[in-house]
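Okay, so here's the structure we're looking at.
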Amino acid sequence: MNNANDLNLSRSEVFHTLAAFWLKPEQESYIEITSLESLYHFINLISETYHISVDSLDFLKSFPTFEEHAKNYEQLFSLSFGKLAAPLVESVYKKWTENPEINTPQAHQTGYVKGDSYSYMKALLHQLEIELPDEYQADELPIILDVYALLIEYAPVSSIKNLSENHLDWLDELSSRLARVVTKRGFGEFYLDFLALTQSLVELEHRLYLP
Amino acid sequence: MTKLTRRGFLKASTATAAVATLGTLSYQDWQKQAYASEGEADAEVQISSSTCNACSNKCGLEVFTKNGKLWKIKGSNIHPNSLGTLCARGHGFATNAYNDARLTSPLKKNEDGTFSEISWEQAYQEIGEKVKKIIAEDGPQALAITQDPRPSGKFYSKRFMNAFGSQNVYTHHAACNLSKLTAYAHTIKKEPKCDFNNADAVMFIGRSFGDGIKPSAMKNLANNVKRGLHIIMVDPRFNATAHMAKDWLAIRPGTDLALILAMSNVLVTEELYDKDFIENYTTGFDEFAEAVKDYTPEWAAEITTLPASKIKEVAEFMAEKAPKAFIEPSWRAAFGCSYYNSTETARATILFNALLGCYGKKGGMYYGDGVKFGKLEGPKFKKLPEPVAPQYGSDRFPLTPTGSGSSVVVAEGIEKGDIKGLFYYQSNPVIGYTNAEDFGKRLDMADLVVVIDVQMSETAMHAHYVLPDTTYIERMEVPSSTGTVADVRLQGIPKVHENTRPVDQIFTELAEACGIGEYFTFTVQDVIDAQIAPFPDEVKEKLLKEGIAKVPVENPKKPDGDPHFPNDDNKIHFADDVWLEGGLGRNIQWIEPKYMPNPDNIDEFRLIAGKQSIHSHTMTTNIPHLIQITKDYDLDRVWINTKRAEALGIKEGDKIEISSEVSTTPAIAHVTERLHPDCIWTASHYGTKSPYLTEGAGLGISSMDHTPFHMEPFSGSNMSQENLVHVKKMEA
């Protein structure tokens with residue numbers, strides 16, 4: 001990497017790719033990101049940018065086929081499947097609100113959608129004049145990752161840090177729930193590995209680039 | 001809109017980069033702004049009205065939102081069921097709108113039993129094709145719908161099925177109060193209201209306002225007890241209202257009929273009945289007197305295990321307090337649906353109240369005013385076709401009001417091949433209406449099962465298609481009423497999930513897909529406008545703006561001594577041949593329960609069930625706050641009488657095994673003197689089986705697991721407490 005700008009572009013690209021993977025399955029973009037060429041590029045990019053050994057990323061070579069991915073994604077992450085799924089929605093894993101003025105039963109509990117996380121991400125997207133696709137909630141993981149990628153390229157460190165510390169801090173809880181779901185369902189190990197990679201990269205961002 | 005990076009998928013404007021460069025709104029700053037704006041005294045608050053959906057009381061409530069977020073809810077001050085309060089269920093159930101276990105997309109069952117998300121278009125198309133096929137091959141009478149009564153659901157479910165020409169519209173009543181409704185239908189036609197505010201004595205039989213709670217009713221009862229109202233609680237269990245009673249009659253379950261027959265015997269023998277009322281408003285008294293002559297307190301004592309002297313005492317007491325005394329009509333338990341003799345028991349209570357002469361009297365029971373809604377007429381509301389066949393099961397249960405029907409007999413119809421396509425709106429019969437395993441197996445035989453709900457219930461698991469409803473708090477509904485108060489559910493919060501649809505939209509679109517769209521060319525607003533059309537303008541305005549309004553009555557009804565029965569001749573017929581049609585006797589008689597535990601078998605019991613004020617059947621068992629109360633207070637434990645527990649070596653908190661002819665389930669024991677020794681008791685909310693709903697997983701048992709699939713032959717009720725179980729302590 002020649003300069004800070006190149007480094008930021010690389011970081012940004014990594015997170016855009018992470019976001020693209022966690023998106024609801026779409027054949028064209030999935031095939032693009034999982035093509036051999038893209039995969040090798042992605043692995044090398046991660047390795048160079050975050051100093052991770054290429055060998056430890058070997059699992060990425062066994063991306064499921066699009067058909068498998070579409071089925072798995074729906075079963076593992078759809079909100080419709082209640083506790084048999086691990087939705088990629090931040091509000092679910094955090095207190096619905098920290099506002100002490102609200103005292104409805106769900107106010108300070110986890111397990112609910114459209115909480116503070118959602119409201120904040122909506123406000124952020126509005127500030128950035130970013131259009132949210134209809135089928136997504138503002139605090140879904142792919143949205144947060146894609147915005148994070150955008151901030152790496154354009155925003156000051158304080159903004160990047162704010163988003164990471166406040167909106168990528170629920171991945172442990174997601175991982176625990178996904179692990180339970182994978183055990184119950186009997187499939188989905190790949191997603192646990194990919195989530196672990198996502199978590200590692202978030203952590204490395206802090207260590208290496210967000211003092 | 002331009003994409004800013006090679007792989008970014010979010011569409012952004014060219015200004016995004018510039019904004020980002022300046023720095024974005026921090027989360028902490030956002031919180032400060034958002035919380036400040038929400039917490040300010042003059043912050044903009046949206047208030048909407050609705051009625052609670054947590055049970056069929058439909059208490060009025062106010063929904064407060066700020067910034068589109070649910071802020072608080074409270075009971076409506078003017079709605080007669082709430083009067084400013086809301087129970088725990090009401091508070092908990094509203095949170096379902098945001099629950100992460102909600103259905104968010106139409107689902108179709110795969111061959112391997114899993115479900116996949118499909119589009120609404122695909123769901124409608126496939127359901128429509130299947131419905132048309134069923135109609136072509138077997139006629140519309142092969143379709144049926146069951147709904148749990150809520151305003152829009154009730155209206156749209158019925159119209160939907162009737163539009164096919166099918167009369168197969170069912171309620172949950174077979175698991176609730178069908179026996180009672182049947183008894184009322186053929187005596188005085190409709191249940192009058194109880195004048196607690198002026199009564200001197202009330203007998204509750206298997207009914208607890210404190211458990212199956214309606215906040216205003218419980219408050220009112222407590223105030224009247226303070227005033228001097230004497231309560232006699234007849235229940236195998238010392239329930240959550242019994243502490244307000246002067247007498248607790250711990251009756252052997254299933255024998256309430258014997259008690260009422262003996263009480264009737266006392267009033268007849270001692271001539272304590274209201275002679276004027278009997279003369280003017282009844283027929284067949286002499287036959288009745290003859291019929292009850294052998295049902296002495298001593299006879300009843302053997303059956304009920306209540307002392308004969310006590311039976312005599314309470315009968316005489318009720319007569320002394322008459323006409324300001326009555327047996328409260330109850331709901332489920334003793335004569336709602338639970339026993340083989342429930343219909344006869346309900347009939348007996350109606351006749352006993354006639355002996356007291358309490359109908360049409362202050363302090364007794366009388367018919368109050370209601371709201372008369374406008375008719376649905378005009379081109380938007382096309383006249384429904386004539387039905388092609390009677391309601392399924394009505395030939396087997398000719399006494400059962402077809403407005404309810406037996407939703408249990410429908411399951412039999414599936415097995416026989418008479419019923420091929422079923423729709424369920426917001427009802428969970430698999431776990432609530434009869435034996436879960438049996439009902440589930442029958443559903444699996446149907447050609448088409450469509451469930452419309454907000455969560456993956458046990459019934460949804462057997463569906464071919466599951467359609468996601470919005471929660472009640474996210475939509476507007478057709479009007480309903482309580483007394484002279486009309487209410488309209490207004491939308492309380494913005495729709496939470498884009499891909500859910502409100503019940504009215506679902507049925508309208510389903511109708512289109514099924515070829516009956518011509519009967520659904522109206523909106524919810526059109527229905528509201530038509531139904532409130534007769535009201536004065538100020539009432540209409542209030543209703544549309546605030547969701548609740550008192551409708552003025554010109555000559556309000558008052559108790560004037562005349563019962564004003566809505567039947568044909570304003571009389572109660574003590575003896576009536578109509579009962580013969582349903583297999584009962586012309587005259588009232590003792591009918592034994594189907595099962596009776598053998599007192600010589602120390603491990604043999606009847607399993608009975610009841611409610612808890614924090615839950616509504618199985619609707620609330622995935623609401624974390626309500627389940628936490630269960631866990632905190634061990635409310636899922638199964639009650640067993642102290643002496644019986646001792647004989648079996650069971651102590652408080654012990655793990656026990658409950659086995660029956662249909663199932664074996666573990667449970668935890670609660671040892672208590674507050675229960676008749678012949679039975680064990682469980683709350684009816686537990687034993688959930690859906691893997692999608694885990695809050696209540698592993699808690700308690702479902703009484704329906706031990707109750708066989710059967711029906712009361714006179715009304716088609718589910719006989720929910722006709723069972724025999726054996727209990728033993730499980731080794732650690």
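Proteins come first, then strands; the chains are lettered A, B, ... in the order of their sequence lines, and each starts at number 1.
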- prompt: Under 4.5 Å between any side-chain heavy atoms of B:Glu498 and A:Gln137, yes or no?
  reply: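 The answer is no; the side chains never approach within 4.5 Å.
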
query: Under a 4.5 Å cut-off applied to non-hydrogen side-chain atoms, are A:Thr97 and B:Tyr35 in contact?
result: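 The answer is yes; the side chains approach within 4.5 Å.
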
Would you mind checking which part of [X] comes under 4.5 Å of any heavy atom in chain A, side chain (CB onward), backbone (N, CA, C, O), both or neither?
X	result
B:Thr114	side chain
B:Glu695	side chain
B:His91	both
B:Leu103	both

Would you indicate whether [X], at its atom [atom1], is surrounded by more than 12 heavy atoms from other residues, nucleotides or ligands within a distance under 6.0 Å?
X	atom1	value
A:His206	NE2	yes
B:Gln122	CD	yes
A:Glu135	CD	yes
A:Lys71	NZ	no
B:Tyr633	OH	no
A:Glu37	CD	no

Checking [X] against chain B: side chain, backbone, both or neither under 4.5 Å from a heavy atom?
X	value
A:Glu165	neither
A:Leu79	both
A:Val92	side chain
A:Val157	neither
A:Leu145	neither
A:Glu98	both
A:Lys161	neither

- prompt: Relative to the ring of A:His167, is the ring of B:Tyr27 parallel (under 30°), tilted (30 to 60°) or perpendicular (over 60°)?
  reply: perpendicular

- prompt: What orientation do A:Trp96 and B:Tyr98 show, parallel under 30°, tilted 30 to 60°, or perpendicular over 60°?
  reply: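 Aromatic pair A:Trp96/B:Tyr98 classed tilted.
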
query: How many angstroms lie between CZ in A:Phe81 and CD in B:Glu117, if you round to the nearest 0.5 Å?
result: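 Separation between the atoms: 5.5 Å.
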
Reported NZ-to-CD1 distance for the pair B:Lys69 and A:Ile102, which is rounded to 0.5 angstrom: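 Between atom NZ of B:Lys69 and atom CD1 of A:Ile102 there are 5.5 Å.
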
- prompt: How far apart are the closest heavy atoms of B:Leu25 and A:Asn162, and which atoms are they?
  reply: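 Minimum heavy-atom contact is O-ND2, 3.8 Å.
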
query: Between A:Ser159 and B:Gly23, which heavy-atom pair has the shortest distance, and what is it?
result: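 Between these two residues, the closest heavy atoms are OG-CA, 3.4 Å.
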
[X] and [Y]: side chain donor to acceptor below 3.5 Å:
X	Y	answer
B:Thr104	A:Ser80	yes
B:Gln31	A:Asn99	no
A:Glu74	B:Ser116	yes

- request: Please confirm whether A:Lys122 makes a cation-pi placement over B:Trp30, using NZ or CZ under 6.0 Å from the six-membered ring centre and within 45° of the ring normal.
  value: no

Side-chain donor or acceptor of [X] paired with backbone N/O of [Y] under 3.5 Å:
X	Y	result
A:Gln75	B:Phe115	yes
A:Tyr112	B:Asn96	no
B:Thr16	A:Leu128	yes
A:Gln106	B:Asn99	no

Just so I understand: if I count every heavy-atom pair under 4.5 Å between each of [options] and chain B, which residue has the most?
options	answer
A:Leu151, A:Ile143, A:Leu163	A:Ile143
A:Ser91, A:Ser117, A:Gly82, A:Ser29	A:Gly82
A:Ser119, A:Ala107, A:Pro87	A:Ser119
A:Ser158, A:Pro133, A:Ser78	A:Ser78
A:Pro105, A:Ala155, A:Pro142	A:Pro105

Short N-O contact, B:Asp100 and A:Lys114, less than 4.0 angstrom: no

message: Among B:Leu70, B:Val19, B:Thr95, which residue has the highest count of heavy-atom pairs closer than 4.5 Å to chain A?
response: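 Counting heavy-atom pairs under 4.5 Å, the top option is B:Thr95.
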
- request: Between chain A and each of B:Pro624, B:Ser26, B:Ala101, count heavy-atom pairs under 4.5 Å; write down the option with the most.
  value: B:Ser26

